[in-house]
Amino acid sequence: MNAAAEEFALHGYAATNLAIIATRTGMTKGALYGHFASKRALADALVSESAQTWVTLNRSGAADELSLKELILTVGRQMRSDTRFRATVRLAADCTRTTGGAPELLAHIRREITAAADRARQEAPRSSPLAAQSPQIVAHLLLTVAYGLTFVSEQGHGGRQHDAGDEVWQLVLGSLGLCETTQGRCHVG
């Protein structure tokens, strides 16, 4: 499943090749088809597993009790650390673009983030940038950043990879007034 998740996350549904997945797992394509009748069945298995991961995450930090900042950082961390979850979000995004409807898992995550954005907006001062935006737009922005950060890394000093994720979150969350600052820096912890 990990090889399939990596391929789906990187290439999306349409461009993922089952022969490559089979090769990466050391199986023949026929053996892979013995486990999954089609590419759709393999994708569905990943989505089902990730839906369970989301339920577990949701229970461990009841989404309706988390702040918007905590919720989006949880989603972002899960997408960066869990290839299968990231693949599911990619599959959901692909499906949304081609059919116009978001699969249930992505729709559920979006609803949770939108609800948290609405709560944060109601609690924000009228002068806050957050107060001027609809919760749907805030949720869309935050999900776009979380998704995009899974594919972006910066070249650091000496050609080494630099993870700028925390800095991006500091900028985005700070711009929305969603975090406490110390010496002008938003803490994303």
Side-chain angles (χ1 to χ4, degrees), residues 1-12 15-16 46-47 49-51 53-63 65-94 96-97 102-103 105-117 119-121 124 128-130 133 135-189:
M1 275 292 222
N2 288 337
E6 289 169 5
E7 290 296 315
F8 282 126
L10 186 59
H11 302 292
T16 292
L46 276 170
V47 169
E49 180 182 297
S50 291
T53 297
W54 177 251
V55 168
T56 302
L57 281 172
N58 223 354
R59 282 189 193 133
S60 66
E65 295 175 13
L66 291 177
S67 71
L68 177 57
K69 174 188 164 189
E70 293 167 329
L71 181 58
I72 194 59
L73 290 176
T74 296
V75 170
R77 282 185 201 107
Q78 192 66 30
M79 286 175 51
R80 289 187 71 125
S81 67
D82 184 343
T83 304
R84 293 177 184 194
F85 191 80
R86 182 171 55 252
T88 295
V89 172
R90 173 72 188 260
L91 289 166
D94 286 354
T96 300
R97 282 196 304 270
L105 177 63
L106 185 57
H108 183 73
I109 292 169
R110 186 182 306 273
R111 279 192 303 272
E112 295 289 344
I113 293 171
T114 301
R119 289 190 305 272
R121 183 174 177 237
S128 165
L130 185 62
Q133 300 300 324
Q136 293 81 6
I137 292 299
V138 171
H140 186 80
L141 169 68
L142 296 175
L143 277 171
T144 300
V145 171
Y147 181 73
L149 282 174
T150 64
F151 298 100
V152 177
S153 64
E154 299 291 323
Q155 289 293 350
H157 298 292
R160 291 181 299 195
Q161 294 293 339
H162 169 69
D163 181 1
D166 283 351
E167 294 168 54
V168 170
W169 281 121
Q170 288 170 358
L171 175 63
V172 171
L173 296 174
S175 296
L176 290 172
L178 290 172
C179 47
E180 301 296 321
T181 59
T182 304
Q183 298 178 344
R185 292 185 59 89
C186 170
H187 297 284
V188 296

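These figures come from a predicted structure and were not determined experimentally.
- Within 6.0 Å of NE2 on His140 lie no more than 12 heavy atoms contributed by other residues, nucleotides or ligands.
- The line from CZ of Phe8 to OG1 of Thr16 is 5.0 Å long, rounded to the nearest 0.5 Å.
- In terms of modelled atom types and a separation under 3.5 Å, the side chain of Glu70 and the main chain of Ser67 share a donor-acceptor contact.
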Go through Thr83 and Arg86 one step at a time and tell me if the side chain to side chain donor-acceptor pair (under 3.5 Å) criterion holds. CA-CA 5 Å; Thr83 304; Arg86 182 171 55 252; 3.1 Å; yes

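- In this structure the side chain of Val75 never reaches within 4.5 angstrom of the side chain of Val89, judged on heavy atoms.
- Within the model, atoms CG of Leu10 and OG1 of Thr150 stand 10.0 Å from one another, a figure rounded to the nearest 0.5 Å.
- Here the side chains of Arg90 and Tyr147 are in contact, with some heavy-atom distance below 4.5 Å.
- Across every non-hydrogen atom of Ala120 and Leu178, the tightest pair is CB-CD2, 4.1 Å.
- Between Trp54 and Thr88 there is no side-chain heavy-atom pair separated by less than 4.5 Å.
- Of all heavy-atom pairs spanning Pro129 and Ser175, the tightest one is CG-O, 3.1 Å.
- Note that CG of Leu73 and CG of Leu142 are 9.0 Å apart. Values are rounded to the nearest 0.5 Å.
- Between Leu173 and Leu68 the shortest side-chain heavy-atom distance does not fall below 4.5 Å.
- Among residues two or more places apart in sequence or in another chain, the side chain to side chain contact (heavy atoms under 4.5 Å, CB included) test is passed with Gln78 by Thr53, Leu57, Asp82, Phe85.
- The backbone N or O of Gln133 sits less than 3.5 Å from a side-chain atom of Arg121, completing a donor-acceptor pair.
- With sequence neighbours excluded, the residues satisfying salt bridge (charged side-chain N to carboxylate O under 4.0 Å, His left out) with Arg84 are Glu49.
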